[in-house]
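Accompanying notes for the structure given below.
No hydrogens, no waters, no symmetry mates; every other heavy atom, side chains included, goes into these values. This is a predicted model, so every value here is computed, not measured.
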Amino acid sequence: MIGRLFGNVSQRVPSLLYRVSLMMKPQVVFVLGGPGAGKGTQCSKIVESYNYTHLSAGDLLRAERAREGSEFGQLIGNYIKEGKIVPVEITINLLKKAMEETMQKDEKKFRFLIDGFPRNEDNLQGWNNVMDGKADVKFVLFFDCGNEVCIDRCLERGKNSGRTDDNRESLEKRIQTYLQSTQPIIKLYEKHGKVRTVDASRSVDKVFADVKAILDKEG
């Protein structure tokens, strides 16, 4: 009887440990692409159909900038206005906090889409330093879209978005930052076979059909 009891416990323990390890370690998909490539739109559609939580690095930074009493608000505002990349420590701490809060509320919410990060080598090094062993990056979902299409979309969005960086001057700076800083990160992940590329210049539904095929395959 006791032998059977211990046998049952030993069979359950690996399963329990596996569930706990998943609960403690976020499963992450980095979502990258130029400004206006449709990252946020596609992430919203993914969340509707799959058990992912969408974290936008930009949205978290804008929320922190607007938060009353934030010690980083002014600094973040200046970086965003200039189309520059906010210091990595600020961004990673906001992402880490958001993931921890999500998982504390619901242990089944351990899959995350991190949108607009890592945007440069400094971001990637910071992530590796802080999150090494604490999160698993499954792959990079890359929305590939031409610069002019991206700019036109953002200018159209800027009519209603209220975002201070949805203007041509800021957009051209952001595009240059993306080309110089983010594309090398995408190429780095490509070398490791961890990039899934989608042609993002098409309609929302056509893009999402490709995204679904990728997520269904990846599991």
Worked check of salt bridge (Lys or Arg N to Asp or Glu O under 4.0 Å) between E218 and K138: CA-CA 9 Å; E218 295 290 341; K138 294 171 71 181; over 6 Å; no
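- When every heavy atom of T91 is checked against every heavy atom of A57, the shortest pair comes out as CG2-CB, 4.0 Å.
- Under the 4.5 Å side-chain heavy-atom criterion for ILVMFWY residues, no single connected hydrophobic cluster contains both L171 and V149.
- Between M103 and P26 there is a side-chain heavy-atom pair separated by less than 4.5 Å.
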Worked check of salt bridge (Lys or Arg N to Asp or Glu O under 4.0 Å) between E101 and K105: CA-CA 6 Å; E101 288 175 353; K105 288 176 189 170; 5.5 Å; no
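- T182 places a side-chain heavy atom less than 4.5 Å from the side chain of L32.
- Proximity of K134 to K25: side-chain heavy atoms (C-beta onward) are nowhere separated by under 4.5 Å.
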Stepwise side-chain contact (heavy atoms from CB on, under 4.5 Å) check, F117 with F30: CA-CA 6 Å; F117 184 93; F30 287 141; 4.0 Å; yes
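- Annotation: the span from S44 atom OG to Q42 atom CD amounts to 9.0 Å, rounded to 0.5 Å.
- The hydrophobic cluster containing Y79 does not contain I85, counting ILVMFWY residues as joined when their side-chain heavy atoms lie under 4.5 angstrom apart, directly or transitively.
- Within 6.0 Å of atom CD in E121, 12 or fewer heavy atoms from other residues, nucleotides or ligands are found, so the atom counts as exposed in its surroundings.
- A distance of 6.5 Å separates CD1 of I76 from CD1 of I80, quoted to the nearest 0.5 Å.
- F139 does not carry K194 over the face of its six-membered ring by the limits of under 6.0 Å from the centre and within 45° of the normal.
- K109 contributes no side-chain N or O that, together with a main-chain N or O of T53, makes up a donor-acceptor pair within less than 3.5 Å.
- Criterion: ILVMFWY side-chain heavy atoms under 4.5 Å apart, direct or through other members. Under it, V130 and V86 are part of a common hydrophobic cluster.
- Looking at heavy atoms from C-beta onward, V207 lies out of side-chain contact with D199 at the 4.5 angstrom threshold.
- Of the N and O atoms on the side chains of D216 and Y50, at least one donor lies less than 3.5 Å from an acceptor on the other residue.
- Put simply, Y52 and V204 are part of two different groups of oily side chains (I, L, V, M, F, W, Y) that touch within less than 4.5 Å, one to the next.
- In terms of heavy-atom proximity, W127 sits nearest to I92 at N-CD1, 3.0 Å.
- Within the model, atoms OG1 of T197 and CG of D144 stand 6.5 Å from one another, a figure rounded to the nearest 0.5 Å.
- Rounding to the nearest 0.5 Å gives a distance of 5.5 Å between CZ of R168 and CG of L155.
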side-chain contact (heavy atoms from CB on, under 4.5 Å) between R196 and F142, intermediate numbers included: CA-CA 6 Å; R196 310 291 178 266; F142 170 41; over 6 Å; no
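- Using a 4.5 Å heavy-atom threshold, the side chains of Q183 and Y178 count as touching.
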CA sep, side-chain torsions, deciding dist, call: V31, F143, side-chain contact (heavy atoms from CB on, under 4.5 Å): CA-CA 8 Å; V31 182; F143 291 104; 3.5 Å; yes
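- L124 and V88 fall within the same hydrophobic cluster, defined by Ile, Leu, Val, Met, Phe, Trp and Tyr side-chain heavy atoms under 4.5 Å apart, directly or through other members.
- Residues E190 and V140 fail the side-chain proximity criterion, which asks for heavy atoms closer than 4.5 Å.
- When every heavy atom of V211 is checked against every heavy atom of L141, the shortest pair comes out as CG1-CD2, 4.3 Å.
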Steps toward side-chain contact (heavy atoms from CB on, under 4.5 Å) verdict (I90, L61): CA-CA 8 Å; I90 297 173; L61 288 166; 4.0 Å; yes
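- Taking every heavy atom of both residues into account, C145 and R153 meet most closely at SG-NH1, 3.8 Å.
- A distance of 9.5 Å separates CG in L60 from CG in D115, rounded to the nearest 0.5 Å.
- Atoms CG and CE, on L55 and M99 in that order, are 7.0 Å from each other to the nearest 0.5 Å.
- With contacts defined as side-chain heavy-atom distances shorter than 4.5 Å, the pair I46/F208 qualifies.
- The closest donor-acceptor contact from the side chain of D132 to the backbone of N128 lies at 3.5 Å or more, if one exists at all.
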Worked verdict on D210 versus R202 for salt bridge (Lys or Arg N to Asp or Glu O under 4.0 Å): CA-CA 11 Å; D210 283 3; R202 301 165 300 156; 2.7 Å; yes
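- What you find for P35 and R174 is that their closest heavy atoms are CB-NH2, 3.2 Å.
- No hydrogens or angles considered: nothing links the side chains of D205 and S203 as a donor-acceptor pair under 3.5 Å.
- Among residues at least two apart or in separate chains, salt bridge (Lys or Arg N to Asp or Glu O under 4.0 Å) pairs with a member in residues 52-64 are D59-R62, E64-R67.
- Minimum interatomic distance between K81 and S170 (heavy atoms only, all atoms of both residues): O-OG, 3.4 Å.
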